[in-house]
Amino acid sequence: MKKQAREPFDRSGIPDDLCPIATEYIVLKTGEWRAERPVVDRDRCVKCATCWVYCPTQCIVEKDGWFEADLEICKGCGICAEECPHHAIRMVEEQEE
Ligand code: SF4
Ligand code: SF4
């Protein structure tokens with residue numbers, strides 16, 4: 001199964017005379033403002049991919065024996081933890097630096 005996170009936007013097809021708001025592309029790193037992060041219990045994960053299907057930012061990545069979030073893109077919404085049928089994901093608070 002492939003990683004879901006989309007490739008950055010290809011701006012090569014955008015005309016030069018558009019307003020900068022339409023032409024400047026910034027990769028949003030939602031992980032920078034996340035309050036909680038998902039932690040997967042690898043012993044409970046059965047690789048059903050339910051979290052992969054439901055994640056709204058498409059940041060769930062398949063590893064050898066489990067799934068986990070790409071924390072650069074994960075926004076900490078907790079949907080994966082709610083939807084995991086095996087209760088393998090718990091949300092933990094981010095610690096302040
Ligand atoms: S939904 Fe839960 S059990 Fe299924 S792949 Fe994701 S973490 Fe594993
Ligand atoms: S917390 Fe939200 S954004 Fe992060 S992996 Fe789970 S569903 Fe995706």
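Numbering of ligands and ligand atoms starts at 1, following listing order. Quick note: numbers below take in every heavy atom, side chains included, and nothing from hydrogens, waters or symmetry partners.
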Note to self: Can you tell me how far apart OG1 (T50) and CD (E82) are? Round to the nearest 0.5 Å.
What the structure shows: 13.5 Å

Next item on the list: Under 4.0 Å from a heavy atom of C80: give me the atoms of ligand 2 that qualify, with their elements.
Entry: 1 (S), 5 (S), 6 (Fe), 7 (S)

Margin query: Using a 4.0 Å cut-off to any heavy atom of T50, which atoms of ligand 1 qualify?
Written below: 1 (S)

Notebook entry, point to check: Touching ligand 1 at all, W66? Heavy atoms, strictly under 4.0 Å?
Noted result: no

Item checked: ligand 2 atoms in contact with T57 (distance to a heavy atom under 4.0 Å) -> 3 (S)

Checklist line | Shortest protein contact, atom 8 (Fe) of ligand 2 (heavy atom only) | finding: C55 SG, 2.3 Å

Notebook entry, point to check: Is there an N/O/S atom in C84 that lies less than 2.8 Å from atom 2 (Fe) of ligand 1?
Noted result: yes

Check: In ligand 2, which numbered atoms sit nearer than 4.0 Å to a non-hydrogen atom of G76?
Finding: 1 (S), 4 (Fe)

Next item on the list: Identify the protein heavy atom lying closest to atom 4 (Fe) of ligand 1, giving its residue, its atom name and the separation to 0.1 Å.
Entry: C48 SG, 2.3 Å

Next item on the list: Have a look at ligand 2 and work out which part of C59, if any, has a heavy atom under 4.0 Å from it: side chain, backbone, both or neither.
Entry: side chain

Note to self: Is there a path of hydrophobic side-chain contacts, each under 4.5 Å between heavy atoms of I/L/V/M/F/W/Y residues, joining F67 to V53?
What the structure shows: yes

Next item on the list: Go through ligand 1 atom by atom and flag the ones less than 4.0 Å from a non-hydrogen atom of F67.
Entry: 5 (S)

Next item on the list: Tell me, please, if C51 has any N/O/S atom, main chain or side chain, under 2.8 Å from atom 6 (Fe) of ligand 1?
Entry: yes

Notebook entry, point to check: Quick one: which ligand 1 atoms are inside 4.0 Å of a heavy atom on C45?
Noted result: 3 (S), 5 (S), 7 (S), 8 (Fe)

Checklist line | Heavy atom of P56, distance to ligand 2 below 4.0 Å | finding: yes

Item checked: Atom pair CD (Q58) and CG (D70), whose distance is rounded to the nearest 0.5 Å -> 12.0 Å

Next item on the list: Grab the two heavy atoms, one from A88 and one from C45, that are nearest each other, plus how far apart they are.
Entry: CB-N, 3.8 Å

Checklist line | Region of K47 engaging ligand 1 - heavy atom pairs below 4.0 Å | finding: backbone

Note to self: Testing the basics here: between K47 and K63, what is the closest heavy-atom pair and its distance to 0.1 Å?
What the structure shows: NZ-O, 3.3 Å

Check: For ligand 2, does C77 get within less than 4.0 Å through its side chain, its backbone, both, or neither, judged by non-hydrogen atoms?
Finding: both

Check: Is K75 reaching over with its side chain to a backbone N or O of W33, donor-acceptor style, under 3.5 angstrom?
Finding: no

Item checked: side chain to side chain contact (heavy atoms under 4.5 Å, CB included) between R37 and C74, intermediate numbers included -> CA-CA 8 Å; R37 67 170 62 198; C74 167; 5.6 Å; no

Notebook entry, point to check: Less than 4.5 Å apart, any side-chain heavy atom of H86 and any of D41?
Noted result: no

Notebook entry, point to check: Atoms of ligand 2 less than 4.0 Å from C74 heavy atoms?
Noted result: 1 (S), 3 (S), 4 (Fe), 5 (S)

Notebook entry, point to check: Which atoms of ligand 2 sit under 4.0 Å from any heavy atom of A69?
Noted result: 5 (S)

Next item on the list: Using a 4.0 Å heavy-atom cut-off, say whether I60 meets ligand 2 through its side chain, its backbone, both or neither.
Entry: side chain

Next item on the list: Look at atom 3 (S) of ligand 1 and say which protein heavy atom is nearest, naming residue and atom and giving the distance to 0.1 Å.
Entry: V46 N, 3.5 Å

Next item on the list: State the atoms of ligand 1, each with its element, that fall below the 4.0 Å cut-off from a heavy-atom position in I89.
Entry: 7 (S)

